[in-house]
Amino acid sequence: MSASPSSASGIGAQIVRLIFVLAAALGCGFVLTALVSAEPLKAYGALLTGAWPDFGWNSAGQFTVRRMTRLGSLLEDATTLTLLGLAVAIPFRARQFSMGADGQLFSERLLPLPLA
């Protein structure tokens, strides 16, 4: 199935809109950071890259990787939120809105145990 030209231009417009919104959000964040920080570029750089590990060479000439716990924490939180979204999606699809999301997450984690 081929995409019609109107849908392709609609997707292009959405991508341009997304880029504009992200740039506007980052710009507003930078302005707020500049208002409250003595070094706004350094502070904003730390905000945007704070969870990623720091690769480099130490004074002895050895390759080092620092700040791995931040990346681990980021991956843990992202995995938990993804699984929670999946746990909630199934009852929402079945129109069971009154169930608790935490209970669904734990029950779907325990469901494969008898099968293993």
Side-chain angles (χ1 to χ4, degrees):
M1 187 165 23
S2 64
S4 65
S6 63
S7 67
S9 65
I11 291 173
Q14 288 179 353
I15 291 172
V16 169
R17 185 179 310 137
L18 176 67
I19 291 171
F20 176 74
V21 168
L22 288 174
L26 288 172
C28 289
F30 181 75
V31 168
L32 290 173
T33 304
L35 291 174
V36 298
S37 176
E39 297 180 10
L41 289 175
K42 186 176 180 182
Y44 211 58
L47 174 71
L48 294 176
T49 62
W52 300 111
D54 185 24
F55 301 104
W57 300 92
N58 63 10
S59 60
Q62 298 171 337
F63 184 73
T64 60
V65 180
R66 296 182 302 159
R67 300 189 314 199
M68 286 300 289
T69 56
R70 292 180 184 180
L71 180 64
S73 177
L74 173 77
L75 292 175
E76 179 185 359
D77 291 343
T79 303
T80 302
L81 290 174
T82 302
L83 291 175
L84 185 60
L86 288 172
V88 171
I90 295 169
F92 278 3
R93 193 76 175 150
R95 298 181 187 262
Q96 299 292 323
F97 298 107
S98 63
M99 298 175 73
D102 291 333
Q104 293 169 22
L105 175 68
F106 292 123
S107 66
E108 288 191 9
R109 283 186 177 174
L110 293 175
L111 184 65
L113 286 178
L115 302 175

List the atom pairs, with distances to 0.1 Å, where a side-chain N or O of residues 50-61 and a protein N or O form a donor-acceptor pair under 3.5 Å, not counting sequence neighbours.
from, atom 1, to, atom 2, distance (Å)
Asp54, OD2, Arg66, NE, 3.4
Asp54, OD2, Arg66, NH2, 2.3
Asn58, OD1, Ala60, N, 3.2
Asn58, OD1, Gly61, N, 3.1
Asn58, OD1, Gln62, N, 2.8

Donor-acceptor contacts, no H, no angles, side chain residues 19-42, under 3.5 Å, sequence neighbours left out:
from, atom 1, to, atom 2, distance (Å)
Thr33, OG1, Gly29, O, 2.7
Ser37, OG, Glu39, N, 3.2
Ser37, OG, Glu39, O, 3.3

Report, one line per pair, each donor and acceptor closer than 3.5 Å where one atom sits in a side chain of residues 75-92; sequence neighbours left out.
from, atom 1, to, atom 2, distance (Å)
Thr79, OG1, Leu75, O, 2.7
Thr80, OG1, Glu76, O, 2.9
Thr82, OG1, Ala78, O, 2.7

Going only through I, L, V, M, F, W and Y residues with side-chain contacts under 4.5 Å, is there a path from Phe63 to Leu71?
-> yes
